[in-house]
Amino acid sequence: MFLLNINPSTIPLLISQSQIVTILSIVVVFFLVLLILGVRKSYILKRENDQLAKSGSLQSDDDNKAYKDFRDGHLYDNK
């Protein structure tokens with residue numbers, strides 16, 4: 001097994017500390033924007049759901065009908 005004995009001080013830094021801070025700042029701002037958009041969308045959907053619930057539009061005509069046995073078809077062989 002071949003081991004490299006490299007002194008860390010001889011390797012030049014490819015990324016400086018200011019570049020790391022800049023990249024992390026961009027990532028934080030990006031996810032913060034996504035979070036704000038998600039919370040806004042959630043608030044809008046909740047408000048719309050409340051309006052629909054008040055108006056009674058959520059109940060369809062199918063919910064008010066009596067139960068009909070769906071097994072009367074030819075596939076179930078009811079006798």
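Along the sequence shown, the residues carry numbers beginning at 1. Because the structure is a prediction, the values reported are computed rather than measured.
Comment: Asp50 does not engage Lys54 in a salt bridge, judged by the lack of any side-chain N to carboxylate O separation of less than 4.0 angstrom.
With sequence neighbours left out, the salt bridge (Lys or Arg N to Asp or Glu O under 4.0 Å) criterion links Lys41 to no other residue. In terms of the side-chain contact (heavy atoms from CB on, under 4.5 Å) criterion, residue partners of Arg47 (sequence neighbours excluded) are, by chain and number, Tyr43, Ile44, Gln51.
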Sequence neighbours left out, cut at 3.5 Å: what donor-acceptor pairs do the side chains of residues 19-35 make with other protein atoms?
residue, atom, partner, partner atom, Å
Gln19, OE1, Ser16, N, 3.0
Thr22, OG1, Ser18, O, 2.7
Ser25, OG, Val21, O, 2.7

